[in-house]
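Worksheet: one structure, shown below.
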Amino acid sequence: MVEEDKLEELIRKHVLLNAIAHKGKADSKAVLSKVIAENVELRSRIKGLLTLVEHIVKEVNSMSLEEQRSIIQVNYPEALEKEEKEERVKVLPDLPKAEKGKVITRFPPEPSGYLHIGHAKAAIIDEEYAKMYNGKFILRFDDTNPEKAKLEFYEAIKEDLNWLGVKPQIIENTSDDIEKLYDYARKLIEKGLAYVCICKPETIKSNRIKGIECNCRASKVEDNLEKWEKMFKVFSKNEAILRFKGDMKSLNTAMRDPTLFRILDIPHPLKGYKYRVWPTYDFATPIKDSLDGVTHALRTKEYELRDELYFSILRALGLREPILLEFSRLEMKGSILSKRKIRELIQQGIIESWDDPRLATLRALRRRGYFPEAIREFILSIGVSKVESEPTWDLINSINRRIIDAKAKRLFFVSNPIKVKLESFPKERISVNYHPDRDLGKREIKITQNLFFEIEDLEKFNLDDKFRLMGLGNVRLIQKEDLPIVKFEGFELDHRLKKIHWVNEDSLPFEVFVPLNLVQDGEINRDSLKVIRGKVEDSIKKLNVGEIVQFVRFGFCRIEANNKAIFAHK
Ligand code: ATP
Ligand code: MG
């Protein structure tokens with residue numbers, strides 16, 4: 001037999017589960033038949049039950065899917081387990097022609113900014129494949145553009161990958177191999193497959209668009225070798241470039257005699273003034289991949305047009321050809337995943353730094369309380385398909401929630417606090433567990449004469465309404481104007497009562513920074529960092545900076561200082 005007070009709870013659970021299985025909208029009839037199938041004795045009360053079910057369905061359907069999930073997560077974690085197991089880690093598909101022990105992959109970030117969750121996708125997939133075949137995984141700094149590379153970023157990338165749990169067996173810099181790359185350039189020139197072009201940049205550009213060959217292309221090998229030497233000493237930036245002899249009429253514009261080397265007279269963070277002739281990505285990448293023994297080179301789909309060039313260069317030099325594979329670029333709704341664009345936002349002062357909570361950089365995610373395990377699971381659950389997808393934050397949030405829920409202490413934070421007098425409470429202090437079903441300890445809360453509620457909560461009650469103060473007991477609103485007053489009415493649980501959280505007079509001023517979508521309707525939303533001010537219970541003093549907490553009825557946050565936290569998700 002289901003006890004009366006358990007019945008509502010049971011229905012609520014089924015409504016929530018039905019809702020999350022149907023895009024947030026539960027169906028009363030479906031829930032009713034499920035409840036009755038599990039408790040046949042309820043069949044005689046079907047009419048009354050339907051009203052109750054409909055009532056709860058209405059309430060639940062008005063919540064967001066994320067909210068529904070978080071309630072299930074908190075109250076019925078066991079019910080989610082089965083469903084989430086299925087959603088968890090899909091194994092990556094096999095790599096073509098892969099042999100155990102022989103696979104070598106690489107992740108080649110340019111040290112021109114901090115890593116974001118898109119880079120995490122590339123790095124994790126590369127590392128997972130190497131693990132899958134007991135192979136090797138290389139971290140290669142693609143640092144051949146001294147205008148963009150900065151020392152700070154090499155370090156940050158290593159730190160962030162380490163935090164993410166991505167562990168390369170080899171760490172290398174393309175800039176260490178510049179001289180080898182010069183040798184290969186010379187070979188190409190000698191074979192008549194590369195030439196120095198001294199046309200103006202605008203001319204080169206317009207000829208490329210029109211598919212026109214210039215006179216430089218026709219010059220003799222000896223002339224090219226001479227001009228190549230002059231690139232190191234005589235020519236200035238933009239006066240000469242080395243170009244691959246591709247096909248100026250190719251439909252694939254990447255093949256229209258692309259640049260292999262250019263002059264950049266600017267110190268390099270690792271090499272200083274040692275070099276001024278720098279290879280392009282198009283030249284350095286295939287050669288490095290080949291020399292490093294990379295068997296499977298994975299990159300994002302937008303490089304697909306460059307595959308032809310990649311193989312042409314290797315064939316021209318008679319070098320081993322790795323297998324190229326593409327996957328879709330990760331985009332996250334409302335976020336910006338481009339180092340260049342993030343850099344611009346920082347320069348414009350719209351965003352303060354690379355760890356601004358509105359960004360999807362690894363630093364920002366860490367600062368908000370995302371766990372590296374959640375990021376990896378998220379990446380593996382979306383997989384390596386080439387199909388463009390823009391996974392929602394809901395997915396990564398639900399994974400992170402499952403991981404942190406059991407670890408996060410639950411505390412009360414009251415935004416927009418209003419003072420309310422509490423009458424007739426029989427105790428001086430109460431003891432409240434930090435977590436309803438995990439042993440995370442408890443704190444004593446002094447019951448002061450006045451408490452603070454959220455003004456929005458109080459406004460919803462009418463005079464004489466009864467409700468529950470979480471962890472404390474039931475109260476009735478006996479005065480709403482001036483100083484509102486609630487009167488204590490007992491400890492017994494009553495599921496029909498609305499529950500609200502509260503803090504006492506010892507609570508401390510506190511701010512929560514809530515990041516909103518940085519991109520809204522295609523535009524940058526300058527007002528995307530909301531600060532919510534309120535009061536937090538003073539037990540916050542016992543917690544450490546960096547700890548993740550769940551502010552009850554608010555969401556998960558990471559404590560950043562004794563008066564400040566950053567919001568992660570509900
Ligand atoms: P950005 O525009 O942010 O500078 P990028 O591709 O130029 O991006 P790199 O440092 O060159 O940045 O990237 C290193 C690797 O990470 C590349 O192989 C690239 O394909 C991959 N990568 C970058 N962004 C994403 C993304 N959003 N999703 C998946 N992989 C990505
Ligand atoms: Mg790049």
Side-chain angles (χ1 to χ4, degrees), residues 2 4-40 42-43 45-88 90 331-335 374 377-378 381-383 387-405 456-457 460 495-500 514 516-517 519-521 550 552-556 567-570:
V2 187
E4 279 313 297
D5 58 340
K6 295 260 170 69
L7 182 61
E8 195 180 317
E9 203 60 26
L10 178 80
I11 294 174
R12 190 177 304 277
K13 172 168 134 180
H14 282 295
V15 172
L16 284 160
L17 286 173
N18 188 261
I20 64 162
H22 298 95
K23 298 190 175 137
K25 299 291 170 223
D27 175 71
S28 304
K29 297 241 164 64
V31 172
L32 186 65
S33 51
K34 185 108 191 175
V35 171
I36 290 182
E38 278 184 16
N39 308 276
V40 265
L42 293 174
R43 182 159 309 182
R45 302 171 43 187
I46 206 158
K47 267 211 179 118
L49 273 185
L50 183 62
T51 323
L52 184 57
V53 170
E54 279 171 343
H55 179 75
I56 298 176
V57 163
K58 202 167 151 209
E59 179 195 318
V60 167
N61 284 2
S62 73
M63 301 172 183
S64 71
L65 189 59
E66 205 183 272
E67 222 174 322
Q68 294 166 348
R69 274 188 164 278
S70 88
I71 296 174
I72 299 179
Q73 182 66 57
V74 170
N75 297 314
Y76 325 106
E78 71 293 342
L80 262 193
E81 222 151 77
K82 187 171 152 269
E83 185 219 13
E84 288 198 338
K85 270 215 186 96
E86 282 154 22
E87 164 185 309
R88 239 175 268 178
K90 292 184 203 106
E331 297 293 341
M332 298 287 290
K333 233 185 166 49
S335 308
E377 192 176 323
F378 167 69
S381 74
I382 53 181
V387 184
E388 296 298 339
S389 73
E390 205 179 63
T392 63
W393 284 92
D394 278 355
L395 178 57
I396 184 165
N397 291 349
S398 76
I399 296 171
N400 198 54
R401 186 180 305 116
R402 173 162 42 71
I403 294 172
I404 64 182
D405 179 68
E456 291 81 2
D457 278 338
K460 287 193 194 113
H495 288 288
R496 282 165 304 186
L497 294 183
K498 187 164 166 41
K499 290 185 234 152
I500 67 165
V514 181
L516 308 175
N517 279 350
V519 183
Q520 196 69 50
D521 306 321
Q550 184 183 5
V552 175
R553 298 176 68 223
F554 186 89
F556 292 94
F567 180 73
H569 49 74
K570 290 241 182 202

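- Summarising the geometry of I399 relative to S381, their closest heavy-atom pair is CD1-OG, 4.3 Å, with the distance given to 0.1 Å.
- Using a 4.0 Å cut-off between charged side-chain N and carboxylate O, E377 and R402 make a salt bridge.
- Between the side chain of S335 and the main chain of E331, no donor-acceptor pair closer than 3.5 Å is present.
- Looking at N397 and E66, their side chains come closer than 4.5 Å, going by heavy atoms from C-beta outward.
- Not one N or O on the side chain of N400 forms a donor-acceptor pair closer than 3.5 Å with the backbone of I396.
- Atom-to-atom distance recorded for D394:CG and R69:CZ is 8.0 Å, nearest 0.5 angstrom.
- A distance of 6.0 Å separates CG of L42 from CG of L7, quoted to the nearest 0.5 Å.
- We find the CG-CD1 distance between L32 and I46 to be 5.0 Å, quoted to the nearest 0.5 Å.
- Of all the heavy atoms in G24 and L65, the pair that sits closest is N-CD1, 3.5 Å.
- Applying the side-chain hydrogen bond (donor to acceptor under 3.5 Å, both in side chains) criterion to N18, with sequence neighbours excluded, gives no partner residue.
- A side-chain donor-acceptor contact under 3.5 Å links N39 to the backbone of V35.
- For the pair D457 and R553, the salt-bridge criterion is met [side-chain N within less than 4.0 Å of a carboxylate O].
- N61 approaches A26 most closely through the heavy-atom pair OD1-N, 2.8 Å.
- Between I382 and L395, some side-chain heavy-atom pair lies under the 4.5 Å cut-off.
- Judged as a side-chain hydrogen bond (donor to acceptor under 3.5 Å, both in side chains), and not counting sequence neighbours, the contacts of E59 are R12.
- For F554, the ring-ring contact (aromatic ring centres under 6.0 Å, His included) partners are F413, F567, not counting sequence neighbours.
- Judged purely by atom type and a 3.5 angstrom limit, W393 uses its side chain to pair as donor or acceptor with the backbone of K333.
- The closest side-chain heavy-atom distance from F556 to K570 is not below 4.5 Å.
- Distance CD1/I36 to CZ/R45: 10.0 Å, rounded to 0.5 Å.
- Looking at heavy atoms from C-beta onward, I11 lies in side-chain contact with V15 at the 4.5 angstrom threshold.
- Take R43 and apply the side-chain hydrogen bond (donor to acceptor under 3.5 Å, both in side chains) test, not counting sequence neighbours, and it matches no residue.
- One distance of note links NE2 of H569 with OG of S398; it measures 9.0 Å at 0.5 Å rounding.
- Applying the side chain to side chain donor-acceptor pair (under 3.5 Å) test to every pair with at least one member in residues 23-38, sequence neighbours left out, gives these pairs: H14-E38.
- What you find for I56 and E8 is that their closest heavy atoms are CD1-CG, 3.7 Å.
- Contact check for L16 versus N75: no side-chain heavy atoms found under the 4.5 Å cut-off.
- Distance check, rounded to the nearest 0.5 Å: CE of M63 to CD of Q68 gives 7.0 Å.
- Every residue two or more places apart in sequence or in another chain was checked for a side-chain hydrogen bond (donor to acceptor under 3.5 Å, both in side chains) with E54, and none qualifies.
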